[in-house]
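Take a look at the structure below.
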Amino acid sequence: MYFCGSKKYTYMSQRTKIKALLQSQQTDIDVTVKGWVRAFRSNRFIALNDGSTNNNIQIVVDFENTDPALLKRITVGAAISVSGKLIASLGKGQTVEVIAANIDILGDSDPEKYPIQPKKHSLEFLRENAHLRFRTSTFGSIFRLRNSLAFAVHQFFQERGFVYLHTPVITQSDAEGAGEAFHVTNFDLNNIPKTDTGEVDYKQDFFGTSTNLTVSGQLEGELGAMALSDIYTFGPTFRAENSNTTRHLAEFWMIEPEVAFNDLDDNMDLAEDMLKYVIKYALDKNPDDIEFLTQRLQEEEKQKPQNERSEMSLLEKLQFCLDNDFERLTYTEAIDILKESTPNKKKKFQYPIEGWGTDLQSEHERYLVEKHFKKPVILTDYPKAIKAFYMRQNEPDAQGRETVRAMDILFPGIGEIVGGSQREERLDKLEQRMDEMGIPKDELWWYLDTRRFGACEHAGFGLGFERLVLFVTGMGNIRDVIPFPRFPKNAEF
RNA sequence: UCCUGAGUAGCUCAGCUGGUUAGAGCAUCUGACUGUUAAUCAGAGGGUCCCUGGUUCGAGUCCAGGCUCAGGAGCCA
């Protein structure tokens, strides 16, 4: 426990973290190190890890002069404390090692029962052991990177004077229509109060109304931006969609900046700057983890046929992303490119491009990003009919086609990582659109008030944090980049 | 939710057209060895073949239904 007060507490009693030991310029010094045993070889060499880095420190045990009963308890997964001398390593493979003078077993780990072995495990198996998977090199690296990215997000916005706004997790309506919401209720589900007409009587529920978990903080975010100018949210978001993919979670973290007086171009600049900033931060802060995951991905790609392997390594992909401007084009331009594309002409698309107005399929987005431009792409000005009610309407073009000021950022291997728009600030246009789409205006009276009192141009976007972590770690399944994933048929841990 | 594939030892997997006692590598245990890096060598233990039902003299294998997982699609971030 760490207390603030008149007395000073050291919260790491004489323990040196392994990251610091491995970087130590000094040798022949006495140290104490604590961690979990990753491997114990030849009764002599302990690979010890404490999570401060993906590298282990080697502990050398004088087994001939150590109690055999103690040696038997140095098993994979055990927590131990070692004090001894840090020396330049006598063997190859590491620069320094600790010659153990004293070893304490802090917590035993029964080798017959401990599931994590010093070998390759499948990601599926580790997902079933999510409580222990932090102890593997891969997941250690993933969650250190996730931490760095989260911190970098805050630092990016804080440096620019944004206000971190906490939007509610429990909301009254699913007005945005951004997917199915989870209901929140305090009713006894075996005895739900009904009205005379047989409908659920929400008046008797905790909030006196039907409530659910938030599907987006955007609408509340806009309220903040209409006074604080520049805000962002960063919190959990919930969707009850029955999505079974490598890119969807029922509980995920979303970053949603909302900026007054910004138009769509400003919005795109902000999103691109932010993505580059946080990726650069991760590269600078966690080079060892990126390096490890780069190698992991290379090993994994060796299993694939040649034509499915990616041209760039993970490290190269991240660097490439920093060094190049994202390609910006309109939906209409994208349709023209797709129409003229080889796969479309050769009828290789499962959904051929037939005309203007329908939404792009995953295969089309992948073609644009991975084959045509070979870099991140920002698509703008989508057809009005396929986008949300709050997006600002453009003037119809010469052919009478109606679009809105939307933007989607598409990343290689991930697809849509950011979705955003300039918002419709004109009350009449907004109300008309809500009527057309059947959005209840009375429930959103507070949202419409921002258009009644001091409305102004503004824009924002939503970034799926796990999709960003997917990209930076090079992992293939979104369930592996959040500590305890929530998805259909699974809420374990 | 749809399509495809999978479920066999703690893990990763093999098991052919149904046929005695279901196999391998790694892990574990015992012993040997001791500057190892996925240590090595010898031996041992370890199975509800996902579940339920069916066909058959006989089912890990065939059929039906279900459950779970993976990949792809849809929805989206």
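Proteins get letters first, then strands, A, B, ... in listed order; numbering begins at 1 in each.
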Across all strands, who's sitting opposite B/G5 as a Watson-Crick or G-U wobble pair, both distances under 3.5 Å? B/C69
Could you identify the nucleotide paired to B/C33, looking across every strand shown and requiring Watson-Crick or G-U wobble geometry with both distances under 3.5 Å? none
Using a strict cut-off of less than 4.0 Å between a Lys/Arg side-chain nitrogen and an Asp/Glu carboxylate oxygen, indicate whether A/Arg328 and A/Glu272 qualify as a salt bridge. yes
What is the distance from CG of A/Asn244 to P of B/C2, rounded to the nearest Å? 10 Å
Looking at A/Lys375 and A/Glu327, is there a salt bridge between them, counting it only when a charged N and a carboxylate O are closer than 4.0 Å? yes
In Å, rounded to the nearest 0.5 Å, how long is the span from CG of A/Asp408 to NZ of A/Lys387? 4.0 Å
I need the CD1-P distance between A/Ile46 and B/A39, as an integer number of Å. 14 Å
Of the candidate nucleotides B/C76, B/U36, B/G35, which contains the atom at the shortest distance from the side chain of A/Arg41? B/U36
Please give the nucleotide sitting opposite B/U20 as a Watson-Crick or G-U wobble pair, both distances under 3.5 Å, or none. none
Pairing nucleotide - B/G58, Watson-Crick or G-U, each distance under 3.5 Å: none
Charged N-O contact under 4.0 Å between A/Arg133 and A/Asp480: yes
Roughly, in whole Å, what's the span from CG in A/Asn43 to P in B/U37? 15 Å
Partner of B/C26 under the Watson-Crick or G-U wobble criteria, both distances under 3.5 Å, comes out as B/G10
Tell which nucleotide pairs with B/G46, taking only Watson-Crick or G-U wobble pairs whose two distances are both under 3.5 angstrom. none
Separation of A/Ile116 atom CD1 from B/U12 atom C1', in whole Å? 14 Å
Please name the nucleotide paired to B/A64 by Watson-Crick or G-U wobble geometry with both distances under 3.5 Å, or report none. B/U52
Could you tell me how far B/U1 sits from B/U21 if I compare only their P atoms? Round to whole Å. 42 Å
Check ion pair A/Lys339-A/Glu354 (N to O, under 4.0 angstrom): no
Mark yes or no for a side-chain to base donor-acceptor pair under 3.5 Å between A/Ser243 and B/C76, with no hydrogen or angle criteria applied. no
Euclidean distance, atom OH of residue A/Tyr114 to atom C1' of B/G10 [Å, nearest integer]: 13 Å
What nucleotide, of B/G35, B/G74, B/U68, holds the atom closest to the side chain of A/Gln361? B/G74
Check this for me: does the side-chain of A/Gln94 come within 3.5 Å of the base of B/U37 through a donor and an acceptor? yes
Rounded to the nearest angstrom, tell me the gap between atom CZ in A/Phe45 and atom P in B/A38. 13 Å
Assess whether a salt bridge exists between A/Asp30 and A/Lys85, defined as any Lys/Arg side-chain N lying under 4.0 Å from an Asp/Glu carboxylate O. yes
Which of residues 47-86 of chain A sit near RNA chain B, with a heavy atom under 4.0 Å from it? A/Gln58, A/Phe63, A/Lys72
Hey, does the side-chain of A/His248 have a donor or acceptor N/O within less than 3.5 Å of a partner on the base of B/C76? yes
Would you say the base of B/C69 and the side-chain of A/Arg479 have a donor-acceptor pair closer than 3.5 Å? no
A/Phe461 atom CZ is separated from B/A77 atom P, nearest whole Å, by 13 Å
Among the nucleotides B/C76, B/U37, B/C29, which one has an atom lying closest to any side-chain atom of A/Glu112? B/C29
